[in-house]
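First comes the structure, then the notes that go with it.
Convention: sequence-line order gives letters A, B, ...; per-chain numbering from 1. Everything numeric here is computed off the predicted structure, so don't read it as measured data.
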Protein chains: 2
Amino acid sequence: MTVSEQDRNISSSFAKGLAVLAVFDAATPSMTLAEIARRSGQDRATARRGALTLVQAGYLRQDGRMLSLTPRVLALAGGFLQANQFGRKVQPVLNRHARQMEVEVTLAMLDQGRVLLLAQSTVEHSHITYGFTAGSHIPLAHTSLGRMLLAGLPSEEAAAVLADADIPRHTEQSLQDPAAILERAAQAREQGFCITGSEFEAGITGYAVPVARPGRTPVVVGSSAPRGLHPEADAERLLRGLQLCAAELRQAEAVDHL
Amino acid sequence: MTVSEQDRNISSSFAKGLAVLAVFDAATPSMTLAEIARRSGQDRATARRGALTLVQAGYLRQDGRMLSLTPRVLALAGGFLQANQFGRKVQPVLNRHARQMEVEVTLAMLDQGRVLLLAQSTVEHSHITYGFTAGSHIPLAHTSLGRMLLAGLPSEEAAAVLADADIPRHTEQSLQDPAAILERAAQAREQGFCITGSEFEAGITGYAVPVARPGRTPVVVGSSAPRGLHPEADAERLLRGLQLCAAELRQAEAVDHL
DNA sequence: ACATTGTGTGCAGCATTCGCACAATAGCCG
DNA sequence: CGGCTATTGTGCGAATGCTGCACACAATGT
């Protein structure tokens, strides 16, 4: 900011404002100005102006001294979802397979070192745990979706991404060693699917398969279910279902523009 | 812009940048810089800086000369959805009722003179038409959701909102006269529900009921279905279902913070 | 080939933004 | 309870970053 000749094609005020908008995540639904300033690494006055601008634009609401997102941010996502025809090409496919498999099916890709959920289908009796939705971030290291995404990258790139991600310990079974995680990802790449057991949530097994897009940033579909009585049979059934789902998405050109 | 003392608490560059982001909607999934400038009413150079900043921040992607939204915008919406626990409190309720009623159920509110879809049941189901998703805008004047939302406003406010909205003619049956539309809204307010027939899409009947939130900006749930053989019976069944759904959402305090 | 529409860049001037410093408020502990 | 500190909200001068014009060039399409 002070020092260098900064790119004159970039509006720094705008970038700072966006940073303000981006600090609102699941962990911190509403924040005070000072907290926003801290999180976005900006001067309080600067953050304040950004936040007030967002309030005026209708993306943020002010309750006393707390600021929180308004539903209008959904409209931004809506532009993306409609542009890519999620409502017609993606959601129905996920729903149908979810119904057949009797588990929820999730479409995801990589974003900023985390797994970004793009779409999700739920069936009524599915066990809902964290309440993730489209737009949620979930961890990279200990989910089948994350591992499968890593598998979709060239291995040195995967290592780089993983190095930047944090590796919390969700359960006893969570692998902690990056090398071990990469090893699992490599295995997933060869197999063409990924299964993780109880690393993110105890007693839950995750399944994921790639939606092949040669040379592009990887996209995957996955499911999770409680460990059943016949793990092998479950795995086979679910993986087969997911693979069908992935093939259908690919064929519908539903993910070509991601 | 030039003359008047503009609010020193508002960052105009940021506001302009946001305007750039907001021009991306369903109708125009990808645009050239010049088009963005036109739509956002900004100088090309200004719009260009805004767009390039968005590219750098990862919200926009540049393919040749076309710019389009990236999946990262979903993350912004994700913050809102998780903050309001849509995944746990809203989606399951919609899904369950949709399953029971065998129609799609949608939660919506008012935003910028249009109907903003907040959430939609993801149950597998028949007639999918436009492929709307959460974050989609649909018209105010000719949908049951829109009319019910108008009904939730004080009547002079409803008139003002409607006056600013455009009233296209989707079908032969679309009412064109604002007064007539307000009349229907008033009727909906008294009845506590709204039914529209073929005004948005031929052969499709829409149903909506309010999720009462005294004194706050209205929120509604609704469905649509092809006209069946027994319109009266269908209406009764669906309205009853929607009312149950609305009651449940209210009770779960799912919409308290909207 | 021409007309049209889109894109990149330099620049000068002034509006805009920065970040400090002060005021006001909340929180804490003896 | 009262005095203390930590945290928050805001006004203001200075300088920086931004705007929008104009020009040159590239890519369409007729």
Side-chain angles (χ1 to χ4, degrees), chain A residues 1-25 27-70 83 257, chain B residues 1-25 27-70:
Chain A
M1 342 253 169
T2 49
V3 214
S4 71
E5 146 177 0
Q6 111 150 324
D7 189 344
R8 297 186 61 74
N9 298 332
I10 299 294
S11 166
S12 64
S13 323
F14 182 27
K16 287 177 191 170
L18 283 174
V20 168
L21 189 56
V23 298
F24 288 86
D25 64 353
T28 54
S30 77
M31 317 167 62
T32 128
L33 275 178
E35 178 124 18
I36 292 172
R38 243 176 285 129
R39 295 234 180 193
S40 62
Q42 298 174 357
D43 186 89
R44 284 209 325 281
T46 304
R48 177 171 181 267
R49 264 178 294 102
L52 289 179
T53 304
L54 284 166
V55 169
Q56 193 200 244
Y59 293 107
L60 238 48
R61 170 209 348 235
Q62 195 163 17
D63 282 331
R65 51 185 50 185
M66 298 311 266
L67 293 154
S68 53
L69 293 172
T70 71
H257 298 288
Chain B
M1 320 224 225
T2 50
V3 201
S4 70
E5 151 173 359
Q6 125 142 312
D7 190 342
R8 296 182 59 73
N9 297 331
I10 299 294
S11 165
S12 65
S13 324
F14 182 26
K16 288 177 189 168
L18 283 174
V20 168
L21 189 56
V23 297
F24 288 86
D25 64 353
T28 55
S30 77
M31 316 168 63
T32 136
L33 275 178
E35 178 129 19
I36 293 173
R38 245 177 285 129
R39 295 235 179 192
S40 62
Q42 299 174 359
D43 186 87
R44 277 214 335 279
T46 303
R48 180 170 178 268
R49 290 152 139 275
L52 290 179
T53 305
L54 284 166
V55 169
Q56 192 199 247
Y59 294 107
L60 238 48
R61 166 205 356 223
Q62 197 165 17
D63 281 332
R65 52 184 49 187
M66 299 311 265
L67 293 154
S68 53
L69 293 172
T70 70

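- For the pair A/K16 NZ and C/dT16 P, the interatomic distance rounds to 17 Å; values are reported in whole Å.
- The CZ atom of A/R49 sits 8.0 Å away from atom CG of B/N9, with the distance rounded to the nearest 0.5 Å.
- Rounded to an integer number of Å, the gap from CE of A/M66 to P of D/dT8 is 10 Å.
- Taking the nucleotide of DNA chain D with the nearest heavy atom to each of A/F14 and A/R49, the more 5' of the two is matched to A/R49.
- Distances shorter than 4.0 Å separate none of the side-chain N or O atoms of B/S12 from OP1 or OP2 on C/dA15.
- Interatomic distance, CZ of A/R48 versus OG1 of A/T53, reported as 10.0 Å (0.5 Å rounding).
- Here C/dG6 presents its P atom at 7 Å from CD of B/E35, a figure rounded to the nearest Å.
- A/R65 places its CZ atom 13 Å from the C1' atom of D/dA6, with the value rounded to the nearest Å.
- Across the interface with DNA chain C, nearest-nucleotide mapping of A/A45 and B/A45 shows B/A45 to be the residue nearer the 5′ end.
- Under 4.0 angstrom from either OP1 or OP2 of D/dC18 there lies at least one side-chain N or O belonging to A/S11.
- Under the 4.5 Å side-chain criterion, counting only non-hydrogen atoms from C-beta, B/D63 is not in contact with A/H257.
- One atom, CG of B/L52, and another, P of D/dC18, lie 13 Å apart when rounded to the nearest Å.
- Candidate nucleotides C/dG19, C/dG6, D/dG9 were compared by shortest atom distance to the side chain of A/R44, and D/dG9 ranks first.
- B/T70 places a side-chain N or O within 3.5 Å of a backbone atom of B/G58 that can act as its donor or acceptor partner.
- Interatomic distance, B/I36 CD1 to B/L60 CG, rounded to the nearest 0.5 Å: 6.0 Å.
- When distances run from any side-chain atom of B/T46 to the nucleotides D/dG9, D/dG20, C/dT7, the shortest one goes to D/dG20.
- Under a 3.5 Å cut-off, the side chain of A/Q42 and the backbone N or O of A/K16 do form a donor-acceptor pair.
- Rounded to 10°, the helix from C/dA1-D/dT30 to C/dG30-D/dC1 has 60° between the axis fitted to its first five pairs and the one fitted to its last five.
- Listed candidates were D/dT8, C/dT17, C/dT7. Nearest to the side chain of A/T32 is D/dT8.
- For A/D43 and D/dG17, the CG to P distance is 15 Å, given to the nearest whole Å.
- Here C/dT16 presents its C1' atom at 13 Å from CD1 of B/I10, a figure rounded to the nearest Å.
- Residue A/R61 holds its CZ atom at 12.5 Å from CE of A/M66, rounded to the nearest 0.5 Å.
- Atom CG of A/L67 is separated from atom P of D/dG9 by 9 Å (rounded to the nearest Å).
- Look at B/R48 and you'll find a side-chain N or O under 4.0 angstrom from OP1 or OP2 of C/dT9.
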